[in-house]
Amino acid sequence: GQSLEQPSEVTAVEGAIVQINCTYQTSGFYGLSWYQQHDGGAPTFLSYNALDGLEETGRFSSFLSRSDSYGYLLLQELQMKDSASYFCAVVPMNRDDKIIFGKGTRLHILP
Amino acid sequence: KAGVTQTPRYLIKTRGQQVTLSCSPISGHRSVSWYQQTPGQGLQFLFEYFSETQRNKGNFPGRFSGRQFSNSRSEMNVSTLELGDSALYLCASRREAGRAYNEQFFGPGTRLTVL
């Protein structure tokens with residue numbers, strides 16, 4: 001089977017750096033994606049890792065290590081507007097297979 | 001380019017009724033997926049349609065069904081509603097070409113309340 005594990009909640013201070021981890025058990029996948037969802041809003045795509053290593057998009061970076069079955073989302077220079085839920089998702093190798101989402105990590109930011 | 005749209009945005013039904021939700025994907029997107037979201041459960045996959053065919057199905061009872069039309073618009077139906085069906089139902093579309101097929105674009109969702 002396929003499963004993704006994320007911490008349910010993470011708290012950080014405005015201006016700081018926070019890392020949200022995602023560990024997975026899946027048999028073959030194309031890449032790892034991250035989505036952000038604000039309260040009352042729809043999930044929006046943040047980043048995608050097809051290869052091991054770090055992908056940087058502004059204040060957000062995402063990392064993947066296939067050998068460790070592990071990935072993370074790194075948020076720098078935290079702003080209050082970053083308070084949201086963050087989901088990792090596995091993109092299957094077979095495009096006919098569904099995308100699997102983790103249960104999400106609620107990020108709380110303190111002033 | 002217009003985003004994914006879902007109608008209605010809010011719905012209140014009573015137990016035993018049935019409901020139909022609608023989703024219009026981004027123009028050019030042929031894949032439409034449906035998810036149920038409840039507090040603490042994340043995004044539970046319902047099904048995915050591509051070119052009018054159901055490609056994948058999640059672990060939901062047969063009361064949940066869907067279809068896709070030739071213009072890629074999709075509907076999902078829930079019959080004999082139960083209290084536990086109260087949730088946010090999200091629709092997402094994606095392209096099918098290369099790396100881009102991994103990125104899903106979500107609609108605003110339909111908030112269903114079953115009384």
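Here the structure is a predicted model, which is why all the values come from computation and not from measurement. Numbered from 1 within each chain, the chains take letters A, B, ... in sequence-line order.
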Peer 1: What part of B:Tyr35 lies closer than 4.5 angstrom to a heavy atom of chain A: side chain, backbone, both or neither?
Peer 2: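 Looking at B:Tyr35, just its side chain touches chain A.
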Peer 1: Where does A:Ser33 contact chain B at under 4.5 Å (heavy atoms): side chain, backbone, both or neither?
Peer 2: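 The side chain, not the backbone.
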Peer 1: Between B:Ile26 and B:Leu21, is there shared hydrophobic-cluster membership here, with clusters defined by ILVMFWY side-chain heavy atoms closer than 4.5 Å?
Peer 2: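 They do not share one cluster, since no chain of ILVMFWY contacts under 4.5 Å joins B:Ile26 to B:Leu21.
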Peer 1: For B:Gly107 and A:Ala42, which heavy atoms make the closest approach, and how far apart are they?
Peer 2: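 The pair with the smallest heavy-atom distance is O-CB, 3.0 Å.
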Peer 1: Please flag which part of A:Gln6 lies under 4.5 Å from any non-hydrogen atom of chain B: side chain, backbone, both or neither.
Peer 2: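 Answer is neither: A:Gln6 stays 4.5 Å or more from chain B.
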Peer 1: Would you say CD of A:Glu77 has more than 12 non-hydrogen atoms from neighbouring residues, nucleotides or ligands within 6.0 angstrom?
Peer 2: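 Check fails, neighbour count at 12 or below.
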Peer 1: Given heavy-atom pairs under 4.5 angstrom as the criterion, report whether the side chain, backbone, both or neither of B:Leu90 touches chain A.
Peer 2: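 For B:Leu90, side-chain heavy atoms alone lie under 4.5 Å from chain A.
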Peer 1: How long is the straight-line distance from NZ of A:Lys103 back to CD of B:Gln37, given to the nearest 0.5 Å?
Peer 2: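 Nearest 0.5 Å value for the CD-NZ distance: 12.5 Å.
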Peer 1: Can you get from B:Met76 to B:Leu81 by hopping between Ile, Leu, Val, Met, Phe, Trp and Tyr side chains that sit under 4.5 Å apart?
Peer 2: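 Shared cluster, yes.
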Peer 1: Are B:Val78 and B:Leu46 joined in one hydrophobic group, where the rule is that I, L, V, M, F, W and Y side chains link up if heavy atoms are under 4.5 Å apart?
Peer 2: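 Both belong to a single hydrophobic cluster.
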Peer 1: Should B:Gln104 and A:Tyr35 count as side-chain neighbours, where that means a heavy-atom distance under 4.5 Å?
Peer 2: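 A side-chain contact under 4.5 Å exists here.
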Peer 1: I'd like to know whether CG of B:Asn71 has more than 12 heavy-atom contacts from other residues, nucleotides or ligands below 6.0 angstrom.
Peer 2: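 Atom CG in B:Asn71 is crowded, with more than 12 foreign heavy atoms closer than 6.0 Å.
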Peer 1: Hydrophobic clusters here meaning ILVMFWY residues chained together by side-chain heavy-atom distances under 4.5 Å, can you tell me if A:Phe101 and B:Phe60 are in one?
Peer 2: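 Result: no, two separate clusters.
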Peer 1: Could you give the distance from CG (B:Leu43) to CD (A:Gln37), rounded to the nearest 0.5 Å?
Peer 2: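 The CD atom of A:Gln37 is 6.5 Å from CG of B:Leu43, to the nearest 0.5 Å.
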Peer 1: Kindly work out whether a path of hydrophobic side-chain contacts (I/L/V/M/F/W/Y, heavy atoms less than 4.5 Å apart) joins A:Leu51 to A:Tyr48.
Peer 2: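 Different clusters: A:Leu51 never reaches A:Tyr48 through Ile, Leu, Val, Met, Phe, Trp or Tyr contacts under 4.5 Å.
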Peer 1: Could you tell me whether A:Phe45 and B:Phe106 have their ring centroids closer than 6.0 angstrom?
Peer 2: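 That pair fails the under 6.0 Å test.
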